[in-house]
Amino acid sequence: DIPTFTLNTGHKMPSVGMGCWLGPGGGGDVVEEMCKTALKLGYRHIDTAYGYFNEEKVGKAIRESGVPRSEIFLTTKLPNHHHDYVAESLEESLEKLGVDYVDLYLMHWPQAYSRTDNKPIPYGQSPTFLETWKDMEKLLETGKVRAIGVSNFSVKLLELLLKEASVVPATNQVEVHPCLPSFELKQYCEDKGIVLTAYSPLGRPKEYDGKPVFLTDDDVVRIAKAHDATPGQVALSWGVQRGTVVIPKSENPERIKQNITLIKLSDEDMTALNVIHRKPGMHRSLLRYHSNSQDGTVFGWTYEQMG
Ligand code: A2P
């Protein structure tokens, strides 16, 4: 069985979930197939978003899987251009998913975009992420979300949020993997009772420079061999063993299965994996690599703002 983490709401969240980002096209029928396979192989946690353009397919897979809705931990996310449209956006997501509630509803990014012209709204202008969070807090009373959380928040932004929030986010979902272990953010979240969810826990090997990074690292390969496991399983087991939820994406049944089959790493293994990012050229962020827009921003936020 996949271990679970207990959220600050008391709800249990399976430590491995199926990540459903398949690019701007949404993935079409592949997403449906992938989610059905995952549910058949024992996954009970699916992570999607309004902005993944595949909530209908995810919902269809859940309905047709035969797995009761109540056994599945389902996450979706509020898109940037709906920060002043929170209750309505949730309704749209529930409608597309064909469900009455989601287990977790996340603010996808701290950055709001205008609903009319889809341009980033400058920091400090309404809707600020604090205003959006206040609207998300109200959703808890409707029973349509079991828990609320954030995504892509740095320590700095969480500090600002917690100063004003009535509800502490249940989770913060960020890019985390052996090349970007984010120890400080992880410790901060732990101290505040926020579960850290690692997206791109495999470093999205096909897209990143077009070649794998840590999956071919000598230490990762050595540890994998010693456990008769794959480098992917090593990276995901490291993630769960250090206390983070991991949401790897795979459309391949063999790898879907691998990714929920965790191994028990030794203290020495963990120590070796914790320092991989210190090797030359290994401390890297996929997000930053991809967001090489001319002005050096990610959805209008500078890296400094994001922390
Ligand atoms: P595929 O869908 O063909 O399995 P991330 O979740 O970090 O974004 O990574 C997703 C990418 O990693 C996908 O390209 C996926 O390809 C690949 N992948 C998924 N599971 C594994 C694994 N166990 N080992 C290596 N690559 C994997």
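As the structure lists them, so they are numbered: ligands from 1, and atoms in each ligand from 1. Here the structure is a predicted model, which is why all the values come from computation and not from measurement.
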Checklist line | salt bridge (charged side-chain N to carboxylate O under 4.0 Å, His left out) pairs, two or more places apart, involving residues 107-127 | finding: D84-R115
Next item on the list: Name all pairs fulfilling the salt bridge (charged side-chain N to carboxylate O under 4.0 Å, His left out) condition that reach into residues 159-172, sequence neighbours left out, sorted by first residue then second.
Entry: none
Margin query: Below 4.0 Å, non-hydrogen atoms only: which portion of Q258 touches ligand 1? Side chain, backbone, both or neither.
Written below: side chain
Margin query: Show, in sequence, the C-alpha distance, side-chain angles and deciding distance for D191 and K186, and conclude whether the salt bridge (charged side-chain N to carboxylate O under 4.0 Å, His left out) test is met.
Written below: CA-CA 9 Å; D191 292 346; K186 182 175 165 284; over 6 Å; no
Notebook entry, point to check: Looking only at distance, does G203 have an N or O less than 3.5 Å from an N or O of ligand 1?
Noted result: yes
Notebook entry, point to check: ligand 1 versus P201, non-hydrogen atoms closer than 4.0 Å: side chain, backbone, both, neither?
Noted result: both
Checklist line | N or O contact, P248 vs ligand 1, cut-off under 3.5 Å | finding: no
Check: Would you say ligand 1 has an N or O under 3.5 Å from any N or O of S250?
Finding: yes
Note to self: Within ligand 1, which atoms have a heavy atom of S200 less than 4.0 Å away?
What the structure shows: 5 (P), 7 (O), 8 (O)
Notebook entry, point to check: Does R255 approach ligand 1 within less than 4.0 angstrom via side chain, backbone, both or neither, non-hydrogen atoms only?
Noted result: side chain
Next item on the list: Kindly confirm or rule out a cation-pi arrangement of R242 over F183, judged by NZ or CZ under 6.0 Å from the six-membered ring centre and within 45° of its axis?
Entry: yes
Notebook entry, point to check: Considering only heavy atoms, which of L22, L215, L236 lies nearest to atom 25 (C) of ligand 1?
Noted result: L215
Next item on the list: Evaluate the side chain to side chain contact (heavy atoms under 4.5 Å, CB included) criterion for residues C35 and K57: first the C-alpha distance (whole Å), next the side-chain angles of each, then the deciding distance (0.1 Å), finally the verdict.
Entry: CA-CA 9 Å; C35 289; K57 298 285 183 190; over 6 Å; no
Item checked: Any donor-acceptor N or O pair under 3.5 Å, side chains E175, S200 -> no
Margin query: Quick check: is L140 connected to F73 through a chain of hydrophobic side chains (ILVMFWY, heavy atoms under 4.5 Å apart)?
Written below: yes
Next item on the list: For L202, counting its heavy atoms only, list the atoms of ligand 1 lying under 4.0 Å from any of them.
Entry: 7 (O), 9 (O), 18 (N), 19 (C), 20 (N), 21 (C), 27 (C)
